[in-house]
Amino acid sequence: MISDRWMRWPAREALTRGGQSVARLWFVRVLRVAIAGGLLWNAFHHDRGWRLVAGVGLVVLCCGLAWAFFRTSFDRRLWPSVALLLLLMGAGYAAQAGDWSVLALVLWCSTGVLALERLPLLAAAACVPAAMIGFAVYNNDSWLVTSLIVIGLALAGYTLRLDADARGNAQRLLAQERAARTAEAETAALAERARIAREIHDVLAHSLSAQMVHLEAARLLIEGDATRDQILERVVAARSMAREGLAETRQALSALRGEMTPVEDFLHELVASDKAAVSVTGARRALPAEASQAVRRVAQEALTNVRKHAPGATVFVRLAYGEGEVTLDVKDSGGPPGELAASGAGYGLLGMRERAELLGGSLTAGPGEEGFIVTLKVPT
């Protein structure tokens with residue numbers, strides 16, 4: 001079986017002008033014009049009348065055949081390409097018969113080089129000898145010089161093929177790199193959108209959950225014939241939580257932009273209205289935005305759960321900076337369950353656990369010696 005190497009066409013990228021410098025493109029254009037002009041002058045400057053017209057017509061015909069060969073070889077149409085190449089060789093023999101030997105030699109040399117550059121190697125191996133035989137038979141140099149020229153032309157054609165393949169590979173790699181960068185940018189944009197959506201969701205979930213706590217308490221107070229001041233207190237607290245929710249939304253957006261207060265200050269502000277104590281251990285340092293947001297959201301969710309399940313309990317918040325990670329512990333002293341213990345769907349800590357796992361950390365929540373303990377660990 002013939003190997004794929006012999007049957008493989010040069011890559012289309014190799015046959016285009018992509019990847020070539022402007023200087024090289026202009027050099028090729030000028031060289032083609034110079035060769036065509038030299039051929040016309042050397043072959044026909046002594047001719048007159050119909051012989052001149054016939055010679056110029058032959059050159060124009062050869063240019064048309066060469067252009068058609070470029071198109072069919074680019075489209076990978078084997079038999080039309082081989083037929084056009086044979087017609088160019090035949091034009092070489094016609095030029096030799098018309099005593100235009102320079103044109104004939106250039107046509108034979110060009111067809112040999114083009115076959116090696118643009119056709120599968122198996123087809124080129126069949127076409128090149130036919131062109132080189134015509135060149136060797138009618139060339140006036142010695143057999144040694146003619147042999148060296150034939151070998152040089154074969155090497156030149158194969159070198160051009162290798163050069164074109166290298167350009168084609170470079171073009172493909174460049175296209176793949178651009179596609180990878182585009183995909184990477186799209187993935188980063190989707191990840192950023194997901195991060196923003198997660199932050200806004202967590203902020204709103206915490207804010208609305210806290211509001212529901214106070215509104216549910218207000219409902220129970222109304223049903224229990226509580227005083228107006230007691231009901232008003234809960235309504236005012238719910239309104240306050242709504243304001244805090246808006247403020248936290250703005251803080252989340254600022255955090256996404258890299259503008260945020262230190263985690264320690266945030267925790268002290270968070271527990272200001274609760275019976276809570278905050279302690280910080282370890283060497284303080286700036287946390288990545290994702291880790292900082294995770295600590296803030298877990299602290300908020302844990303305190304909201306304490307208000308719902310153990311109102312009036314004492315809360316202990318500890319933030320520990322460790323080697324390569326930060327740990328947040330939120331535990332309460334326990335107490336009788338509140339009236340709102342059955343409210344909510346229980347998705348708050350689940351969402352926090354998913355957030356921690358996305359960062360490569362962990363979140364555990366469960367009963368402790370006295371009350372309930374929530375522990376978050378995230379790498380830094």
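As a basis for the values below, the full set of heavy atoms in this structure was taken, side chains included, without hydrogen atoms, waters or symmetry mates.
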Do you reckon [X] sits in the same ILVMFWY cluster as [Y], going by side-chain contacts under 4.5 Å, direct or chained?
{"X": "Leu87", "Y": "Leu61", "answer": "yes"}
{"X": "Ile373", "Y": "Val295", "answer": "no"}
{"X": "Leu287", "Y": "Leu319", "answer": "yes"}
{"X": "Leu116", "Y": "Ile133", "answer": "yes"}

Euclidean distance, [Y] [atom2] relative to [X] [atom1], rounded to 0.5 Å:
{"X": "Leu119", "Y": "Arg76", "atom1": "CG", "atom2": "CZ", "value": "12.0 Å"}
{"X": "Leu220", "Y": "Leu215", "atom1": "CG", "atom2": "CG", "value": "11.0 Å"}
{"X": "Phe316", "Y": "Asp329", "atom1": "CZ", "atom2": "CG", "value": "12.5 Å"}
{"X": "Leu114", "Y": "Phe69", "atom1": "CG", "atom2": "CZ", "value": "5.5 Å"}
{"X": "Leu359", "Y": "Leu376", "atom1": "CG", "atom2": "CG", "value": "8.5 Å"}
{"X": "Thr375", "Y": "Lys331", "atom1": "OG1", "atom2": "NZ", "value": "8.5 Å"}

What do the steps show when you test Thr111 against Cys127 for side chain to side chain contact (heavy atoms under 4.5 Å, CB included), and what is the final call? CA-CA 8 Å; Thr111 51; Cys127 295; over 6 Å; no

Using side-chain contact (heavy atoms from CB on, under 4.5 Å) as the criterion, list what pairs up with Ala302, not counting sequence neighbours. Val330, Val374

Any chance the side chains of Arg296 and Ser292 put a donor and an acceptor closer than 3.5 Å? yes

As a quick check of understanding, evaluate side chain to side chain contact (heavy atoms under 4.5 Å, CB included) for Tyr93 and Leu107, giving each step before the final call. CA-CA 9 Å; Tyr93 285 101; Leu107 285 173; over 6 Å; no

Identify the heavy atoms of [X] and [Y] that sit nearest to each other, and give their distance.
{"X": "Pro120", "Y": "Leu78", "value": "CD-CD1, 4.2 Å"}
{"X": "Arg285", "Y": "Gly322", "value": "NH2-O, 2.8 Å"}
{"X": "Pro379", "Y": "Ala291", "value": "O-CB, 4.2 Å"}
{"X": "Gly112", "Y": "Met132", "value": "CA-CE, 4.2 Å"}
{"X": "Phe70", "Y": "Arg118", "value": "O-NH2, 3.1 Å"}
{"X": "Ser81", "Y": "Thr72", "value": "OG-OG1, 3.0 Å"}

Side-chain touch [X]/[Y], heavy atoms, less than 4.5 angstrom:
{"X": "Leu88", "Y": "Ser110", "value": "no"}
{"X": "Ser73", "Y": "Glu117", "value": "no"}
{"X": "Glu177", "Y": "Leu173", "value": "no"}

Look at atom CZ of Arg219 and say whether more than 12 heavy atoms of other residues, nucleotides or ligands are closer to it than 6.0 Å. yes

Does atom CZ of Arg228 have more than 12 heavy-atom neighbours from other groups under 6.0 Å away? no

Ile151: which other cluster members, linking ILVMFWY side chains closer than 4.5 Å, directly or transitively? Leu155

Any donor-acceptor pair under 3.5 Å linking the side chain of Arg318 with the backbone of Thr327? no

Ionic contact status for Glu357 with Arg353, cut-off 4.0 Å: no

